[in-house]
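Along the sequence shown, residues carry numbers from 1.
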Amino acid sequence: MESNYAQWQKQLVKCIRCGTCRSVCPVFQASDNENTTARGKVKLLEAVSEGKLELTPELQARMSKCLLCKACAPGCPSGVRTDELFLSARRALAAKNGLPITKKLAFTGLTYRKLFDLGLKMGALFQGIVFKNAPDGRGKLARIPLPGAGLSQRRIIPPLATAPLRTRFPETNKVASPKARVAFYTGCMLNYVYPESGEAIVKILKAHDIEVVIPAKQSCCGTPAFTSGDYQVGRYLAEENVKLLAAGNYDAIITGCASCGAALKHEYGSIIEDPAVKKSWEDLAGKVKDITQFVVDLGLKKDLREVNAKITYHDPCHLVRGMGVTKEPRQLLKAIPGIEYAEMKDAAKCCGAGGTFSMAYYDVSRTINDWKLDNAEKTGANILATGCSACRMHITDGLGQRQSRMKVLHTAEIIAKAYGLD
């Protein structure tokens with residue numbers, strides 16, 4: 001643990017208590033509580049490193065009240081890497097206090113790839129027992145009040161797909177004269193919840209004469225586990241994915257999920273310990289590209305169809321600050337004939353999802369999401385585009401709560417429409 005404290009000190013000493021993080025922290029703005037800010041958490045960790053405070057369950061709860069949106073890190077005038085610091089703290093707290101049994105079981109289940117896959121396929125078959133269709137058809141509502149996660153008969157969640165994405169395509173999708181060979185890392189959400197977005201990505205790539213391999217043995221990226229402090233599971237999943245992808249000799253690794261892309265491209269670097277796997281990751285990290293980056297590099301196809309819609313765009317945190325992707329989706333949307341693009345205020349501000357954050361702190365996440373939807377609806381757009389399935393799920397829930405007509409689509413689905421592939 002002393003090594004953790006020494007690592008923390010390198011960041012803690014930089015903090016000058018200026019409070020700049022207060023102006024960008026969505027959780028602070030929603031709760032008006034100093035201990036939710038980066039500055040407040042830094043002060044708590046400083047007390048721990050000085051022996052004035054223990055790694056208690058109460059401290060663990062406070063450290064969990066963070067979206068990990070990364071907004072505080074780039075805005076810090078002293079260069080404190082708050083995102084890395086808080087992940088390290090969660091790891092130490094989980095090692096000391098453990099995790100809730102539901103999380104621990106869920107994360108352990110991720111390591112049994114075939115069992116996890118079977119469980120979600122069975123869940124899709126029997127989801128109607130627990131959930132019913134929402135009145136507006138956007139998703140499903142719990143039939144009875146369920147504890148936690150906002151599922152007390154009001155949170156709208158998307159249904160599990162009866163045919164996951166990876167069952168809809170062969171592992172290798174060939175084209176006549178391939179210009180490149182890429183791996184499509186689907187992650188969990190595109191595979192089990194939003195397969196239509198994944199279908200759009202495969203079709204777009206094939207339309208550009210790209211051979212697409214969808215590795216059948218890919219695992220969850222591990223983000224839910226390691227962001228909660230379970231580095232044992234997170235590391236196992238990271239190393240399994242790296243070994244699988246490194247063995248394929250691909251020209252690029254394509255992602256359609258912001259969290260998966262940020263994990264593969266950056267966050268695995270602080271998780272993987274095996275030197276050989278770390279070297280493999282270093283060699284492939286530069287090949288990881290969001291689908292919008294890759295299409296911009298290729299150039300949009302000619303003779304695009306009109307997509308008659310007014311569209312605004314939401315920047316997922318792990319796409320804009322995790323992968324540095326922000327210009328590319330806008331460039332593509334603005335180039336499609338028929339689209340009237342309308343930029344919303346604070347487009348890069350977190351929507352309040354934050355993975356498991358919205359499950360643990362649903363009311364706070366809803367407040368943050370309402371700010372996002374206020375700005376989106378002021379544009380007059382009828383479609384909100386984004387590149388993150390977790391954001392899509394949370395924003396769709398919010399739109400359903402306020403009975404808005406606005407729809408949420410993955411950026412790739414809109415490109416596919418312009419290509420005539422929908």
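Using modelled atom types, one finds no donor on one side chain facing an acceptor on the other under 3.5 Å when comparing N382 with K407. Side chains of K179 and H208: no donor on one and acceptor on the other come within 3.5 Å. Side-chain contact check for K349 and Q29: at least one donor-acceptor pair (N or O, by modelled atom type) lies under 3.5 Å. Side-chain contact of S358 with H394: a donor-acceptor pair under 3.5 Å is absent, judged by distance alone. When only modelled atom types and interatomic distance are considered, E211 and T172 share no side-chain donor-acceptor pair under 3.5 Å. A donor-acceptor pair shorter than 3.5 Å can be found between the side chains of T326 and R330. Inspection of the E413 and S197 side chains reveals an N or O donor paired with an N or O acceptor under 3.5 Å. No side-chain donor from either of E343 and T312 sits under 3.5 Å from a side-chain acceptor of the other. Using a 3.5 Å distance cut-off with no hydrogens or angles, the side chains of K103 and S228 do pair a donor with an acceptor. In the model, D290 has a side-chain atom that pairs as donor or acceptor with a side-chain atom of T292 under 3.5 Å.
In summary, D83 and R81 engage in a salt bridge, as defined by a charged side-chain N under 4.0 Å from a carboxylate O. Ion pairing of D374 with R402 is present here, as a side-chain N (NZ or NE/NH1/NH2) and a carboxylate O approach within less than 4.0 Å. With respect to the salt-bridge test (charged N to carboxylate O, under 4.0 angstrom), the residues E273 and K278 do not qualify.
K121 places a side-chain heavy atom less than 4.5 Å from the side chain of T167. Side-chain contact between K243 and S280 is absent, with no heavy atoms from C-beta onward closer than 4.5 Å. Here the side chains of L125 and M122 are in contact, with some heavy-atom distance below 4.5 Å. With a 4.5 Å cut-off on side-chain heavy atoms, L44 and R62 count as touching. For the pair Q403 and D136, the minimum side-chain heavy-atom distance is 4.5 Å or more.
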Could you check D315 against K70 for salt bridge (Lys or Arg N to Asp or Glu O under 4.0 Å), going step by step and ending with a plain yes or no? CA-CA 13 Å; D315 289 283; K70 300 178 183 287; over 6 Å; no
Checking side chain to side chain contact (heavy atoms under 4.5 Å, CB included) for the pair Y192/D117: CA distance, chi angles, key distance, verdict? CA-CA 9 Å; Y192 297 110; D117 181 67; 2.7 Å; yes
One pair to check against salt bridge (Lys or Arg N to Asp or Glu O under 4.0 Å): R166 and E171. What are the steps and the verdict? CA-CA 8 Å; R166 295 199 290 267; E171 186 168 16; over 6 Å; no
Go through T186 and Q218 one step at a time and tell me if the side chain to side chain contact (heavy atoms under 4.5 Å, CB included) criterion holds. CA-CA 8 Å; T186 67; Q218 59 181 283; 3.2 Å; yes
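Of all heavy-atom pairs between L99 and D230, the closest is CD1-CB, 3.8 Å. Across all their heavy atoms, C220 and Y185 have their closest contact at C-OH, 3.2 Å. When all heavy atoms are compared, the tightest approach of R155 to L141 is O-CD2, 3.5 Å. Nearest heavy atoms, A124 versus A161: CB-O, 3.4 Å. Here the shortest heavy-atom pairing between K14 and G79 reads NZ-O, 3.7 Å. The two residues A418 and I336 have their closest heavy-atom pair at CB-CG2, 3.7 Å.
Heavy atoms of other residues, nucleotides or ligands lying less than 6.0 angstrom from CG of D297 number more than 12. Within 6.0 Å of atom CZ in R17, more than 12 heavy atoms from other residues, nucleotides or ligands are found, so the atom counts as buried in its surroundings. The local environment of NZ in K287 is crowded, with over 12 non-hydrogen atoms from other residues, nucleotides or ligands closer than 6.0 Å. Open room surrounds CD on Q232; 12 or fewer heavy atoms of other groups in view lie less than 6.0 Å from it. Residue-environment remark: CZ (R181) exceeds the threshold of 12 foreign heavy atoms within 6.0 Å.
Under a 3.5 Å cut-off, the side chain of R91 and the backbone N or O of Y231 do not form any donor-acceptor pair. The closest donor-acceptor contact from the side chain of N241 to the backbone of S219 lies under 3.5 Å. S404 contributes a side-chain N or O that, together with a main-chain N or O of M406, makes up a donor-acceptor pair within less than 3.5 Å. Using a distance-only test at 3.5 Å, with no hydrogens or angles considered, a donor-acceptor pair links the side chain of R168 to the main chain of A163. A donor-acceptor pair is defined here as one N or O able to donate and one able to accept, closer than 3.5 Å; no such pair exists between the side chain of H410 and the backbone of A385. Panel note: side chain R22, backbone D32; no donor-acceptor pair is recorded below 3.5 Å. The main-chain N or O of H314 is found under 3.5 Å from a side-chain atom of T386 such that the two form a donor-acceptor pair. When atom types are taken as modelled, the side chain of S365 and the backbone of Y362 share a donor-acceptor pair closer than 3.5 angstrom.
Atom OH of Y268 sits about 5.0 Å away from atom CG of L264, to the nearest 0.5 Å. Separation of atoms CG (L421) and CD1 (I415) is listed at 10.5 Å; rounding is to 0.5 Å.
A ring-centre distance under 6.0 Å is found for F357 and Y361.
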